[in-house]
Structure formats: C-alpha cells, structure tokens
Amino acid sequence: MTRRGVLAAALAAALATAAAAQGDGRLSGFAFMGPDTQAMQKDDTANPGMLWVAEGEALWSQPAGQSGRSCASCHGEAAQALPGVAARYPAIDDATGEAVTLDGRINLCRQRNQQAPPLALEGRDMLSLSAFVGHRSRGMPIDPPDDPRLAPVRERGEALYRLRQGQLNFSCANCHDDNAGGRLGAAPIPQAHPTGYPIYRLEWQAVGSLQRRLRNCLTGVRAEPFAYGAPELTALEAYLASRARGMELETPAVRP
Amino acid sequence: MGRALINVPKTARKGEIVEIRALVSHPMETGYRPTGDGRFHPRDIINRFVVTWNGEEIFSADLFPAVSANPYFAFSAIATESGTVAFRWIDDRGGAQVETAQITVT
C-alpha cells in the first residue's frame with residue numbers, strides 16, 4: 001500500500017470508531033483526538049472536567065443574593081435539574097428580545113430571581129455552574145430553538161465566521177471549513193462544532209468556555225478578540241450551534 | 001484545596017488486584033510564572049500524596065513543579081481485607097485534603 005493509502009486507511013478506521021460520527025460528514029472534535037485523550041474524556045473518574053461539574057453541583061443548591069434562594073429552589077434538585085437545557089442555547093431572552101448564551105442566562109437568573117450580583121464570566125463559579133448544567137444535557141442532541149428572532153443573530157454569526165480578520169487575514173472558515181482534518185503545525189484542525197463546552201483543555205489545564213476558545217482563535221490570527229459576553233461572540237455561538245444541530249453534547253469534553 | 005474524584009471498587013475478592021484512581025483539583029502553581037512586574041507567582045503545589053488502606057500505607061508519591069494542574073493518579077493494590085482506603089494530598093501551604101472510600105473484601 002502506498003503511504004497515502006495507509007494514511008487513508010488509518011483515517012477511515014479512526015473515523016469509523018469515532019463516537020461522534022454523524023453519518024453526514026460532521027465530526028465532533030472528539031474524533032480528531034488521540035486515543036489517550038478520548039479515554040480521558042470517556043472515563044468520568046479521569047476526566048478533570050468532572051471536578052468542575054462536582055463544584056457546580058454544590059453551587060446549585062447554595063443560596064445566593066438577597067432572595068436567599070438557590071438554583072435548586074426554583075429548578076429542583078441537582079439530580080433532576082434542567083435536562084436538555086444546555087443543548088438549546090444561545091436562545092432569546094423574552095424580557096429583552098436579545099440572544100443570550102447559557103452563561104448569560106445564568107447571570108440573568110442570578111440578577112432577576114436571586115437578586116445576586118452576576119458571576120464573573122470565565123470565573124471558576126460560572127464555569128462550574130455551566131459545566132454542571134451542560135453535563136445535565138450530556139448525550140442529548142444539540143437542539144437550537146426554531147425562534148425567528150434568532151435568525152438575524154445566526155446570520156450575523158455566520159458573517160463573522162466568514163469574515164477575514166487580523167494580521168494573518170484569516171476567517172474561521174479558512175481553517176475549519178476549507179482545511180478541517182488538516183493540521184496547523186502539529187495540531188489537527190477540527191470542524192469547529194461546539195459539542196463539549198465548557199471543555200477541559202489540556203493546554204489550559206483548566207475548564208474554559210466556548211468564548212475563551214473563540215478568543216484564542218482570534219488571537220491566533222492576530223485579530224483583536226471580542227470581549228467576554230460581547231454580542232459578536234453570542235452571534236458566533238448561535239451560528240455554531242445551528243451548524244452543529246443534532247450532534248451529541250459531550251460536556252464536559254476534554255480537548256488537547 | 002478543592003474537589004477530588006476517587007474511584008475504589010466497592011467490593012473485591014480476597015487477593016484480587018484492584019485499580020484505584022484519584023483526581024484532585026489543584027492549580028499546581030509552579031513558582032516560575034512571572035506576574036508581569038518582575039516577580040513570580042509564589043509556588044503552590046501538592047508536594048505529597050499518600051494513600052493508606054486501614055491505616056497502612058499502600059502508595060505514596062512526591063510531586064514536583066513539572067506535574068500538571070489537577071493531578072491524576074492510578075495504581076493497583078491487592079485486596080487483603082475490608083476497610084477504609086484514605087487519600088491525603090498535602091500542598092505547599094500546609095493544607096491537606098483527605099478523602100476516604102470503603103471497600104468490602106470477601
């Protein structure tokens with residue numbers, strides 16, 4: 001067999017065993033990882049993301065703010081909390097008509113219902129809560145709402161996805177559509193499906209949000225990253241969720 | 001210190017080799033990371049990890065700054081008697097975290 005043939009066979013074998021294969025060519029970042037990292041994600045006692053989930057589960061029933069209420073006071077005990085909810089974000093907040101991410105929703109809930117100050121985006125408490133809520137949707141398909149008010153947000157997200165920016169003048173699509181499956185240096189380029197956020201990234205040695213990942217990529221192309229919570233990042237999240245519709249949520253995923 | 005995830009089988013046969021796994025959340029600050037003003041974040045790592053089975057030490061390790069954050073250990077032990085497996089992580093600040101698990105050996 002030629003060298004190329006061997007590679008093709010190896011790739012085919014790798015793709016056939018990928019847990020997240022969709023049958024339509026879409027693949028989770030899980031499929032691009034080595035077997036060691038895949039094993040780490042699959043074993044809940046080896047997946048460090050589960051430390052954040054455990055922390056989030058504890059925060060779930062901890063009262064906060066002047067209301068003295070915890071998440072559990074309204075949403076029920078941790079074991080029954082919010083199945084499938086994380087798979088439906090970003091969504092439209094009815095009170096403002098604006099798109100909100102899951103993290104944004106957690107903070108709105110804190111401010112409106114718990115009368116508590118918002119949690120710092122990308123802080124440990126926020127990541128723990130979103131990892132916990134995300135974990136409650138693990139194994140469910142990503143299911144963005146069919147809300148017509150989300151359409152312009154997704155369009156804006158797609159425009160940003162295709163917008164060349166930064167000193168390197170790359171768009172997201174240049175790598176993740178045109179060269180997915182290839183390599184950037186030593187690192188494989190995945191298809192940019194947000195299937196496991198918040199993720200435990202080995203490089204970060206910590207859990208981080210999709211927005212942290214997006215900001216990383218923006219810095220990578222030498223563009224100025226959007227601030228955490230910026231509407232641009234919400235729009236990108238909304239577009240990516242619609243692109244990954246039906247794919248299985250893996251939260252908390254492990255990524256290199 | 002933060003949370004720990006430990007995995008000890010609930011039951012084992014006498015003489016069986018069991019796998020024991022432990023994951024703990026810790027920043028493992030190396031002491032080599034600059035703060036931006038010419039100084040360094042003070043070192044704060046777990047420097048010792050000890051596991052006992054009914055008080056008898058069955059595994060221990062000294063850790064150094066090259067170990068990643070949230071260190072993970074997996075090792076094997078021979079199940080001899082029912083009892084308590086206790087895990088103890090000790091860090092540079094003198095803090096110790098202890099977790100225990102019960103195992104029934106038949």
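So that the names make sense, note that chain A is the first sequence line, chain B the second, and so on, each numbered from 1.
- For chain A, the nearby part of B/Ala4 is the backbone; its heavy atoms alone come within less than 4.5 Å.
- With chain B as partner, the option from A/Ala58, A/Ala46, A/Pro48, A/Ala206 having the largest number of non-hydrogen pairs under 4.5 angstrom is A/Ala46.
- In this view, B/Arg88 satisfies the side-chain hydrogen bond (donor to acceptor under 3.5 Å, both in side chains) rule with no residue, not counting sequence neighbours.
- B/Val51 approaches B/Val85 most closely through the heavy-atom pair CG1-CG1, 3.7 Å.
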Heavy-atom donor-acceptor pairs under 3.5 Å, chain B with chain A:
unit_1  : atom_1 : unit_2   : atom_2 : d
B/Arg3  : NE     : A/Glu55  : OE1    : 3.1
B/Asn7  : ND2    : A/Thr45  : OG1    : 3.4
B/Arg21 : NE     : A/Thr45  : OG1    : 3.1
B/Arg21 : NH2    : A/Thr45  : OG1    : 3.2
B/Ala69 : N      : A/Gln205 : OE1    : 2.5
B/Asn70 : ND2    : A/Tyr200 : OH     : 2.8
B/Asn70 : ND2    : A/Gln205 : O      : 3.4

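- With sequence neighbours excluded, the residues that form a side-chain hydrogen bond (donor to acceptor under 3.5 Å, both in side chains) with B/Thr35 are B/Asp37.
- Between B/Lys14 and B/Thr80 the shortest heavy-atom distance is NZ-O, 2.7 Å.
- Taken to the nearest 0.5 Å, the CG atom of A/Leu210 stands 11.0 Å off from the CG atom of A/Leu102.
- We find the CD1-CG distance between B/Ile46 and B/Leu63 to be 6.5 Å, quoted to the nearest 0.5 Å.
- Applying the side chain to side chain contact (heavy atoms under 4.5 Å, CB included) test to A/Ala120 and every residue at least two apart in sequence or in another chain returns nothing.
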